[in-house]
Each structure stands twice: as C-alpha cells, then as structure tokens.
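This report refers to the structure that appears directly beneath it.
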Amino acid sequence: MNSNEESEAAHRTATWKCYVPAVLTICVGTGLSLAIFAQARTRESAQILDDFADATKGIVSTLERVLETDMLMLQSIQRFYAGSKEVERHEFKEFVGPLLPHIDGIQALEWIPRVLDGQRAEYEEAARRDGFKDFQITERMAQGKTIPAGPRGEYFPVYFVEPFRGNEAALGFDLASNPARLKALNQSRDSGQAVATARITLVQETGTQFGFLVYGPVYRGGMPVDTVQDRRKSLQGFVLAVFRFGDVVEAALAHLRPRGVDVELRDMSAPVGERLLYYHASDLRQGSWGGNTEPESRHPQGIRQAVALELGGRQWSILCTATPDFKAGRSTWYAEGALAGGLILTGLLGAYLLAGLSRAARMENQISERTRTLRQEALDRRRAEEEVSRFKMAVDGAADAVTMSTPDGVHFYQNASFCELFGYATAEELAETGGGATLYEDHEVAGEVFETTMGGNHWDGEVRM
C-alpha cells in the first residue's frame, strides 16, 4: 500500500470514528426517551384503571344499597303482617303509603293471600265491597288476554297493591297461573326466605322493560314452621315487591351519573340466552336498554369489571365497561410530549456532536495532511541535499573544468579544474573578479548557450573564453 492509499485509509478511519459518539448519543437518547414514554404510559394506564375501579366501586355499592333498602322495606311489611291478626285494605295503604316516596326502584308493593278454591268467591266479594266492583281472580292467556282464572286447588291473587294508580292491571292477577312466578313463590314458601324471580314481563308493564318480583312469605301466628310441610300448611300469603330493572338501576345511578361507564345487570342463575336484565349506557352515550332482545353493539372494547351480587336466592352480576370516552377523558399528552421532547433533544445533541466532531475530524485530517506534506518536503530537501552533496563531490574532483551560472549569465560555481584553467587559486578568488561572467569572449555565443540550455536542450560546441 503506497502513501496515498495509506492516507485515504487513515482519512476514512478518522471520518468513521467521528460518527461513533454521535451515533451512540442518538441511540442512548432514543432509548431513554422510549423508556420515559413507556413509563409515563404505564403510569397513565394505572391511573385510568384506578379511576375505573373507583367508578365501578361506586356504582356497585350504590346499587347494592338501593336493593338492600328495598329488601329491608319488604321485611318491615312482613313484620307488620306477622304482628297483626288481620290487615285490612285501608291499613295496608296507610302503612305502605308513607314508605313509597322513600323507596327507589320499587314499582309496587302488594299483598298476595293464599286463597283456597273454596274461599275464592268470598275473597272476590270482599274486594268488590272495598270498591272494586269488577274484581275477580284472573290469569293471562298466551296471547296476553286477561281472563278469569281457571279452577285450581289454591290461588295467589294480587289483592292489595300500592300505589294503585298505574298498577290497576295487576289487581286480581293469580301468580300461581304463571310458571316463572309460581316457581319462585314455592321456593319462598318452602324456605321461609325472600325469593326473587327470574326476569319476567310484568302484568302492568306498558313498555319493553323486564321486571322481577321478590316474595316475602307470611305465616299464621302460632303455627309451626319448622319443616317444609309445616310451612306449606301455615302459609298465610306473601308480601310482594314488584320491580322494573330500569327503575332500580336508573334510581341507583341517578345521582352518581357514571360518565364513560356502561352498566349491565345480568342474572347468572338464568339460562345463557335469558341473562341480560338491563343495560345502562353511559351518559356520554345514547340511551339505555331494557327490551326483550339483545341490544346491538353494546360491547365496546374497553376495561371491564364484573361484581357478583346475591338477591333473593339468585346470583346477579354487575358488569361495568369503560367506554372509549372514559379513557379519552383521562388520557393526557404527557407521554407523547416526553417522547417528542426527548427525541428532539437527542437529535439536536446528536447533530451538535456530529457537527463538532466532523469539524474536529476535518481539522485533524488537515493537520495530518500538512504534517505529511512537511515530512515529505523535508524528506525531498534531504534527498536533494544529499544529491547535491554527491554531485558536488563528483564535480569538485573532476579533471574537466565545470562552471554553473544563473539564466542571466551570472556564474555562481566553479570547480577546482576551472579555477586552475584560468589561473585562479580558488573559486573565491575568481568570484572577486566577477565570476565567470566576463570569461566569454563572444557574448552572442554566450547568449546562444544560455538560451538553448534554458529551453531544456543541450548545447554542444566551442567558445572562446
């Protein structure tokens, strides 16, 4: 490899090395920026999860509190019946009426007596004397038409109902005529506990919402209730709470107003296709649902949390889902800002280092090139001096007379043979007389000699000196 190739290789190496600190700075800065971005995003996501957990906790606790209050109200009416020998219609109204304004979600409170087949006419006549002249124990056909109840061993009609306005259609309806209502009724009677039905369509329902009933059994005082058989014989009737799911959920969430959170109430004790009880859309979205078919597109992709809830022997689930609005309302640009700031700072620092190192590399290359030039010049001078020295040694010892002159004819060197030829002891003595400039006898020939040799040619001939 020659010196030029070595110089080029050294230049490339120096140029490559100048980029290394800048590249490392950019890599480290980019990595730190991404790490800060990821950490900021993680913290933001954790904060959103905490906010959602708090929102869900508030929704669930509020809904539980409303239902717990309603169940306590049902128990108080049970105790009222247990402490009374007989409750008249006006007494039921006077007891229940003041309670209703303080109950959220209950559509009606009802008294459901156990009426044996032989007592049917007596009960119907008593209700007519109370002012309900068209009262009779009824049932509903599959088409929804109300007809007098067919003969059966016992009936469980709606006998008292408060408030009466809006619930007129329920008066006289025999709960034993409907399988879903009868199933929960029997469970409550046999267990002695409050029992809720699966979702049903209420007799008094004018919309599309589902409802449910909660039975509170009332047994005759002094009668044994230790066994299932005892409880069946001693049963006097039921205090019944009638609910619409929409009323319950909306009443619970009326003051909470969970922004960006959709709420679903599901009955996990029901078959898969009949579990959805009510769907409350966030107030940032449109509407709620309580119909007979699954609502479309109600499941946005988001954070979810399900909480189990037990009511009247049924397992419910409260499913809360964060809508995109929930996350958007709590998202910030801190992470993106940190990333952008870090990348910009990294780019500026990398550019500054690259520019500075490039200048330093160019200066280093220039210095190296200048140093190599000076070394080459010194080497050339040394070689020239050596050549001159060798030439001088050779010329000084030559037998031929040799002289050197400038282009204008001034002789500046003569060897010993030249000086001796013209009678001078030394070159210095010759120089004192004007050198060899006056030795040419024919100056025209002298001019020809100088002109020819200065043109790069050789002159060969004779001159007189």
Whether Q209 side chain and G246 backbone form a donor-acceptor pair below 3.5 Å:
yes
When rounded to the nearest 0.5 angstrom, what distance separates CD in Q305 from NZ in K57?
10.5 Å
From CA spacing to verdict: side chain to side chain donor-acceptor pair (under 3.5 Å), Q187, Y215
CA-CA 9 Å; Q187 289 177 350; Y215 295 88; over 6 Å; no
To check you understand the geometry: which heavy-atom pair defines the closest contact between P224 and D230, and what is its length?
O-CB, 3.2 Å
Exercise: identify the closest heavy-atom pair between L235 and V218:
CD1-O, 3.6 Å
Y219 side chain to R189 main-chain N or O, any donor-acceptor pair under 3.5 Å?
yes
To the nearest 0.5 Å, atom OG of S33 lies from atom CG of L343 at 4.5 Å
Show the nearest heavy-atom pair for residues V158 and I112, with the distance to one decimal.
CA-CD1, 3.5 Å
Pair R266-L277, side chain to side chain contact (heavy atoms under 4.5 Å, CB included): steps then yes or no:
CA-CA 5 Å; R266 288 181 167 270; L277 305 177; 5.5 Å; no
In the structure I gave you, are the side-chain heavy atoms of V263 and L319 within less than 4.5 Å of one another anywhere?
no
CZ-CZ distance between R314 and F212, expressed to the nearest 0.5 angstrom
10.5 Å
Pair R199, E274 - check salt bridge (Lys or Arg N to Asp or Glu O under 4.0 Å), show working.
CA-CA 8 Å; R199 71 180 193 184; E274 301 175 4; 5.4 Å; no
Taking side chain as C-beta onward, heavy atoms only, is Y278 less than 4.5 Å from F210?
no
Side-chain donor/acceptor of T56 to backbone N/O of A53, under 3.5 Å:
no
Give a yes or no on whether the backbone of A38 and the side-chain of T42 come within a donor-acceptor separation of less than 3.5 Å.
yes
Output for pair (L374 CG, R370 CZ), nearest 0.5 Å, gives 4.0 Å
Show the nearest heavy-atom pair for residues S234 and M223, with the distance to one decimal.
OG-CB, 3.1 Å
Can you see whether Y155 has R120 sitting over its ring - NZ or CZ less than 6.0 Å from the centre and within 45° of the normal?
yes
Using a 4.5 Å cut-off on heavy atoms from C-beta on, say whether the side chain of L265 contacts that of L63.
yes
Can you confirm whether more than 12 heavy atoms, excluding those of R43, are under 6.0 Å from its CZ atom?
no
Does a sphere of radius 6.0 Å around CZ in R390 hold more than 12 heavy atoms from other residues, nucleotides or ligands, not counting ones at 6.0 Å or beyond?
yes
Between the side chain of N167 and the main-chain N/O of A170, is any donor-acceptor distance below 3.5 Å?
no
Test side chain to side chain contact (heavy atoms under 4.5 Å, CB included) applied to L240 and V214, step by step
CA-CA 6 Å; L240 185 69; V214 178; 5.8 Å; no
Would D267 and R275 count as a salt bridge (Lys or Arg N to Asp or Glu O under 4.0 Å) here? Give the steps.
CA-CA 5 Å; D267 183 1; R275 288 182 176 178; over 6 Å; no
Indicate yes or no for a side-chain donor-acceptor contact from S84 to the backbone of V87 under 3.5 Å, with no hydrogens or angles considered.
no
Please work out which of the three classes, parallel, tilted or perpendicular, describes the rings of F95 and F80, given edges at 30° and 60°.
parallel
One pair to check against side chain to side chain contact (heavy atoms under 4.5 Å, CB included): R181 and V203. What are the steps and the verdict?
CA-CA 12 Å; R181 292 168 172 81; V203 175; 4.1 Å; yes
What are the two closest non-hydrogen atoms of M141 and I147, and how far apart are they?
CG-CD1, 3.5 Å
Ignoring hydrogens and angles, tell me if any N or O in the side chain of S188 forms a donor-acceptor pair with the backbone of Q193 under 3.5 Å.
yes
Do E44 and Q47 come close enough that some side-chain heavy atom pair is under 4.5 Å?
no
Between atom CD1 of I36 and atom CZ of R41, what is the distance when rounded to the nearest 0.5 Å?
14.5 Å
With salt bridge (Lys or Arg N to Asp or Glu O under 4.0 Å) as the test, pick out the partner of D190 among K233, R231, R232.
R232
In Å, rounded to the nearest 0.5 Å, how long is the span from CD of Q136 to CD of E125?
12.5 Å
Quick check: do S317 and V307 have side-chain heavy atoms less than 4.5 Å from each other?
no
Taking the side chain as every heavy atom from C-beta outward, state whether L379 and Q376 have any atom pair closer than 4.5 Å.
yes
Heavy-atom nearest pair, A196 first then A184, reads O-CB, 4.0 Å
Measuring only between side-chain heavy atoms, which start at C-beta, is E154 closer than 4.5 Å to R114?
yes
If you apply the rule ring pair (Phe, Tyr, Trp, His ring centres under 6.0 Å), what do you find for Y81 with W111, and how did you get there?
CA-CA 10 Å; Y81 263 87; W111 166 243; 4.0 Å; yes
Has R89 got its NZ or CZ under 6.0 Å from the middle of the six-membered ring of Y159, at an angle within 45 degrees of the ring axis?
yes
Relative to the ring of F92, is the ring of F160 parallel (under 30°), tilted (30 to 60°) or perpendicular (over 60°)?
tilted
With a 3.5 Å distance limit and no angle check, can you tell me whether T323 reaches the backbone of G260 through a side-chain donor-acceptor pair?
yes
For D174 and I137, indicate whether the former's side chain and the latter's backbone hold a donor-acceptor pair under 3.5 Å.
no
Would you indicate whether R152, at its atom CZ, is surrounded by more than 12 heavy atoms from other residues, nucleotides or ligands within a distance under 6.0 Å?
yes
Salt bridge (Lys or Arg N to Asp or Glu O under 4.0 Å), that's the test. Do E369 and R372 meet it? Break it down for me.
CA-CA 5 Å; E369 187 64 28; R372 286 193 297 272; 2.3 Å; yes
Is there a donor-acceptor pair closer than 3.5 Å between any side-chain N or O of T197 and the backbone N or O of L213?
yes
Counting C-beta onward and ignoring hydrogens, is there a side-chain heavy-atom pair between M268 and W316 closer than 4.5 Å?
no
Could you go through the side chain to side chain contact (heavy atoms under 4.5 Å, CB included) check for E110 and V242 one step at a time?
CA-CA 8 Å; E110 301 173 354; V242 181; 3.4 Å; yes
